[in-house]
Participant: 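Here it is, the structure in full.
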Amino acid sequence: MSYHFNEIEAKWQKYWADNQTFKAENDSGKPKYYVLDMFPYPSGAGLHVGHPLGYIASDIYARYKRHKGFNVLHPQGYDSFGLPAEQYAIQTGQHPAITTEQNIKTYRRQLDQLGFSFDWSREVRTSDPKYYKWTQWVFIQLFNSWYNRDADKAEAISNLITLFEKEGNATVNASADEDVPHFTAEDWKSFSDSKKQEILLKYRLTFLSETEVNWCPALGTVLANDEIVNGVSERGGHPVIRKKMKQWSMRISAYAQRLLDGLETIDWPEPLKEIQRNWIGRSEGAMVSFEVDGHDAKIDVFTTRPDTIFGASFMTLAPEHELVSKITTPEQREAVEAYVEATAKRSERDRMADVKTISGVFTGGYALHPFSGEKIQIWIGDYVLASYGTGAVMAVPCGDERDYAFAKHFDIPIPNIFEGVDISEEAFMDKEKTIIANSDFLNGLSYKKAMKTIIYEIEKRGLGYGKVNYRLRDAVFSRQRYWGEPFPVYYEGGMPQMIDSKYLPLVLPEVEKYLPTEDGRPPLGNAEVWAWDTVSNSVVENSKIDHETVFPLELNTMPGWAGSSQYFNRYMDAHNNEEIFSQEAINYWKDVDLYIGGVEHATGHLLYSRFWQKFMFDKGLVPKDEYARKLINQGMIQGTSAFVYRLNGQNKLISKGLVNGHDVQPIHADVSFVNASNELDIESFKVWRPEFKDAEFMLEDGKYIVGREVEKMSKSKYNVVNPDNICKQYGADSLRLYEMFLGPLEQSKPWNTAGITGVHSFLKKLWKLYHESNTFRVSDDEPTKDNLKTLHKTIKKVEEDIENFSFNTSVSSFMIAVNELTAQKCTSRAILEPLLILISPYAPHISEELWSKLGHDESITYARFPAFDASQLVESTKNYPISFNGKMRFTIELPLDFTKDQIEEAVMAHEKTLAQLQGRTPKKVIVVPGKIVNIVG
RNA sequence: GCAGGAAUGGCGAAAUCGGUAAACGCACUCGACUUAGAAUCGAGAAACUGGGAGUUCGACCCUCCCUUCCUGUACCA
């Protein structure tokens, strides 16, 4: 009987589904273990071989943990809101829900055929109203919360109201908008309701704010920075302007420090942590106020180098800075206005990309140096960004590269405040070597001492205060899209109101067109039934809007990361319609033990979800403030593109070996026409590219050899490999083994289908080990010493490998074990049974089949992982490498229990040693028992 | 520019502690079986770890310098 992998795999996939083999219970005597994958966006293209890499790894780990006696939660779902389905809808009019449903079917079929041990009973889809009900619910919780910096946690907004009623906002230490006015308890009570709402909005963790966005009037939508090229839209080339729009934002900045600190408590890859640290961008320094000469105005700046304040010889404001028009003198007005207008036309990204050009305009206004009282010029320049810090800098040209270049360019004085440093050519920025000079009370101080002194002085004189600044900005949460979660929000007198949680979900309305409306409102503006009736608590026709009891609903939808910010908790209790999850479920599963996914989500999903978790923790909804203890980033699988070479200007394709020196143009060939020896199937190639039907092929040794190059796997490079074909030809077990065998999980590595025959023939050998001339044969013979040695060395290696996520080396060990056992002609059940359990996480189908042939009625899934017995590996002798001056020359076999002296004696007396020494006397003999002998001299 | 990571045969890679470099597999060569191909079985060749210096009895591994590549990020004040 030969190895019919297609039948075997289909059989066991059905068995697992029918028997719900992988269904996890929320309660068990076993210890829990939660293995999570980043759920996929179901794209229309389906999976290529690169996608399942992480899923295979997590599946191996999940299956291993089941063998080890854990109650394993290993769920899967779909991040099914998103742009591609919407764009398809715009083009074809097909509802994104239909597209999404079809794509999910394809994904499910492809995932199933790989034999993953997912508990599909817990599947979630972010676009399912039953699921996004809870996304909306979390949004409402955020709306009803504020961040108390004193308690360092989120609290109910009702607490804040109580505080306001008692003592106004003077004592409230909150993360809030910058422009909150000061008020007393009396003031508060005298405020109108809408005034109160307006103020509270400045404190809520999700809030409406005027955000500057890239608005494209022609397309009627907001564009992301990377959708703009040279100031016009990438799509269509329409002009884009910077415009303020009311948008929902998330006050993630309130959590900046906790997001930073939390990184120290979790086992995530260091590079990923570093990306998050940079993104959060903590910097310490001071806020300092500069008076404006002749105006009742102050310019606040944030600086990380307040120690260099005496070197400040001018100030630069962002062109958008609110004081610009106020302080500009009549003589300078024309130039300033022209500059401001020119800047407004460029996107922030454009401005940042263009770092070489120095530009700016003098406003004519002067600031007063807070310490020296000297007048210093105020300039505007687009190197200062409105969105970072205060949008203004104190320029210290001697200590900052950009200020230096600016000062040189516009001939502004560059006073030197560093002792013994020449600044005639460039700015001096080495903090370690800094000794301050020409700076009054700071003279002679080092960077550290000067920092302390100056901050103390700034605070004492009321000029400002020491401050920690974060680069992390509040996250804009509104999208002008159709295919996303609707906000559970309606507007009463312009103020947002939350729909009561008990009427959720607020289901996405039907629309005729998925584009923005002609007057520039988001796609939901096309909906005719999109108003909230506060009496019936239901969605009603827009025509009923009377602003008395029926109000318009929010037209924006939530961004892609909304649905992925809490899905890992929802899996714990996926079908609960009463709560987001029960306390029993969350307290049982607690958190994710192992999370596997791509590093590309470092500053998106992986940061936002940590923020939501911390908020949920503050609200007492979850027991852990970090949701994933350990995270692994799997590497990318790249494609191995194939090239044919066309002689320039001729219809002639020459084989790679003949290219040398010729002027050729490489052309991608589809990798499916190339065999393991890089030989091109010319006939298939001609059918595929008819323009080469009559081309002349110049061969070497009768073959056309293609060139190879590693590139990103993508359709346009014709190097995409579909797992469906691999499964058909070699089986899922081969694919799983091969993806692991390719190299370390975290590393990027190229795919090359040719190599799969190696693991495939391993599976055939494994099958043969249990068969003799086509019949299943396993004996009850006592295993030999060698059998046991092979088995136990494999147990040890595989167990260590899995624990270290070194799956590639396990596959090697399996090959070695099967090669050895075949050579030993082992048929012993005592060996062949545990061997299957070792292999089963990697190649579950063949393992199940052989396991059942061994006479087991139940799945191998819960069979106990074999115990390693060290005594089986004890050796009595060691083949000692004998080195001369560090170079190994030969080996001598000696008993392991020899002492150092015995070893030295035996080695020195050995004929090979004498021959090597040729009568010389060595200076020294190094003996490391159990390792090596090195003879020096 | 800054930060993080990497460099080992023709290719993917392996090497708990500094101790026999290249396990395992692909490709390659030869042989067996076969009408032939595929498959299978057997045998084999290959290369001293990007370059340079240092520490050491001994360095892929530790230290310093340099080169190249990948990833992230940037007028961040």
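What you see is a predicted model; the values in this text were computed from it and never measured.
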Participant: Scan A:K923 against the nucleic acid and name what it touches under 4.0 Å (heavy atoms): base, sugar-phosphate only, or nothing.
Facilitator: nothing

Participant: When the P atoms of B:U67 and B:C30 are considered, how many whole Å apart are they?
Facilitator: 45 Å

Participant: Minimum heavy-atom separation for A:Q916 and A:R889, please, with both atom names.
Facilitator: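 The answer is NE2-NE, 3.7 Å.
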
Participant: Under the criterion side chain to side chain contact (heavy atoms under 4.5 Å, CB included), I'd like the reasoning laid out for A:I892 against A:N879: C-alpha separation, chi angles, the key distance, then a yes or no.
Facilitator: CA-CA 5 Å; A:I892 300 176; A:N879 209 13; 5.8 Å; no

Participant: Taking any heavy-atom pair under 4.0 Å as a contact, classify A:T303: base, sugar-phosphate, or nothing.
Facilitator: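 If one applies the 4.0 Å heavy-atom cut-off, A:T303 turns out to touch the sugar-phosphate alone, with no base involved.
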
Participant: On the nucleotide B:C57, are OP1 or OP2 found under 4.0 Å from the side-chain N or O atoms that A:K924 carries?
Facilitator: yes

Participant: Is any side-chain nitrogen or oxygen of A:Q747 closer than 4.0 Å to OP1 or OP2 of B:C70?
Facilitator: no

Participant: So A:N879, base contact, sugar-phosphate only, or nothing? Heavy-atom distance under 4.0 Å.
Facilitator: base

Participant: Scan A:N934 against the nucleic acid and name what it touches under 4.0 Å (heavy atoms): base, sugar-phosphate only, or nothing.
Facilitator: base

Participant: Answer with base, sugar-phosphate or nothing: what part of the nucleic acid does A:M888 contact at a heavy-atom distance below 4.0 Å?
Facilitator: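 The answer is base, as A:M888 lies within the cut-off (heavy atoms under 4.0 Å) of a base atom.
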
Participant: For residues A:T757 and A:A754, report the shortest heavy-atom separation together with the two atoms involved.
Facilitator: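 In this case the closest contact between A:T757 and A:A754 is OG1-O, 3.3 Å.
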
Participant: So, A:K717 side chain and A:S641 main chain: donor-acceptor pair closer than 3.5 Å or not?
Facilitator: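 Flag not set: sc A:K717 to bb A:S641 has no pair under 3.5 Å.
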
Participant: B:C28: syn or anti, with syn meaning chi within 90° of zero?
Facilitator: anti

Participant: Reckon A:S761 touches a base, only the sugar-phosphate, or nothing at all at heavy-atom distances under 4.0 Å?
Facilitator: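 Counting heavy atoms under 4.0 Å across all strands, the contact made by A:S761 is with sugar-phosphate only.
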
Participant: Specify the separation, in whole Å, of atom OH of A:Y738 and atom C1' of B:C11.
Facilitator: 10 Å

Participant: Which label fits B:G51, syn or anti, where anti is any glycosidic angle not within 90° of 0?
Facilitator: anti

Participant: Tell me the closest heavy-atom pair linking A:S714 and A:N719, and the distance in Å.
Facilitator: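 Where A:S714 meets A:N719 most closely, the heavy atoms are N-OD1, 2.9 Å.
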
Participant: Mind checking who B:A36 pairs with, Watson-Crick or G-U wobble, both distances under 3.5 Å?
Facilitator: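 Partner of B:A36: none found under 3.5 Å.
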
Participant: If we call it a pair only when both distances are under 3.5 Å in a Watson-Crick or G-U wobble match, what pairs with B:A15?
Facilitator: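 Across any shown strand, B:A15 pairs with none.
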
Participant: Roughly how many Å is it from CD1 in A:I932 to P in B:U20, rounded to a whole number?
Facilitator: 5 Å

Participant: With both distances under 3.5 Å as the test, what is the Watson-Crick or G-U wobble partner of B:C48?
Facilitator: none

Participant: Ignoring backbone atoms, establish whether A:R402 has a side-chain N or O less than 4.0 Å from OP1 or OP2 of B:C76.
Facilitator: yes

Participant: May I ask you to verify whether the side chain of A:K796 and the base of B:U16 hold a donor-acceptor pair under 3.5 Å?
Facilitator: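 Flag set: donor-acceptor pair detected.
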
Participant: Using the P atom as the reference point in each nucleotide, state the distance between B:G10 and B:G72 in Å, no decimals.
Facilitator: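 So the two P atoms sit 30 Å from each other.
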
Participant: Name the pairing partner of B:A43, where a pair is Watson-Crick or G-U wobble with both distances under 3.5 Å, or state none.
Facilitator: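 Looking at the geometry, B:A43 pairs with B:U29.
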
Participant: Find the partner of B:A53: check Watson-Crick (N1-N3 plus N6-O4 or O6-N4) and G-U wobble (N1-O2, O6-N3) distances, both under 3.5 Å, and reply none if neither fits.
Facilitator: B:U63

Participant: Run the side chain to side chain contact (heavy atoms under 4.5 Å, CB included) check on A:Y404 and A:V396 step by step: do they pass?
Facilitator: CA-CA 7 Å; A:Y404 189 90; A:V396 182; over 6 Å; no

Participant: What distance, rounded to whole Å, do you find between the two P atoms, one in B:A23 and one in B:A36?
Facilitator: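 Between the two P atoms, the distance is 34 Å.
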
Participant: Determine the Euclidean distance between corresponding P atoms of B:A3 and B:C48; express it in Å to zero decimal places.
Facilitator: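 One P to the other, the span is 35 Å.
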
Participant: Starting at CZ of A:F741 and ending at P of B:A23, how long is that distance when rounded to a whole Å?
Facilitator: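 Roughly 12 Å, once rounded to whole Å.
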
Participant: Heavy atoms under 4.0 Å, any strand shown: does A:V936 hit a base, just sugar-phosphate, or nothing?
Facilitator: sugar-phosphate

Participant: For B:A77, give its Watson-Crick or G-U wobble partner with both distances under 3.5 Å, or none.
Facilitator: none

Participant: For B:U71, which nucleotide in any strand shown is its Watson-Crick or wobble partner with both distances under 3.5 Å?
Facilitator: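 For B:U71, the partner nucleotide comes out as B:A3, under the 3.5 Å rule.
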
Participant: Write down the partner of B:G9 under the Watson-Crick or G-U wobble criteria, each distance required to be under 3.5 Å.
Facilitator: none

Participant: Can you tell me, in whole Å, how much space there is between the P of B:A6 and that of B:A22?
Facilitator: 23 Å

Participant: Expressed in whole Å, how much space separates the C1' atoms belonging to B:C60 and B:U56?
Facilitator: 16 Å

Participant: Tell me whether A:E700 at atom CD has more than 12 heavy atoms from other residues, nucleotides or ligands lying less than 6.0 Å away.
Facilitator: yes

Participant: Give me the distance, rounded to whole Å, that separates B:G9 from B:A39 when you measure between the P atoms they each carry.
Facilitator: 28 Å

Participant: Could you tell me how far B:C70 sits from B:G12 if I compare only their P atoms? Round to whole Å.
Facilitator: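 Nearest-Å result for B:G12 against B:C70 at atom P: 15 Å.
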
Participant: Considering heavy-atom distances to RNA chain B, does A:P744 or A:G758 have its closest nucleotide positioned more toward the 5' end?
Facilitator: A:P744

Participant: Does A:N819 reach a base, just sugar-phosphate, or nothing at all? Heavy atoms under 4.0 Å.
Facilitator: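 Result for A:N819 = sugar-phosphate.
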
Participant: Let me spell it out: for each of A:G391 and A:E270, pick the nucleotide of RNA chain B with the closest heavy atom. Which residue's pick is nearer the 5' end?
Facilitator: A:E270

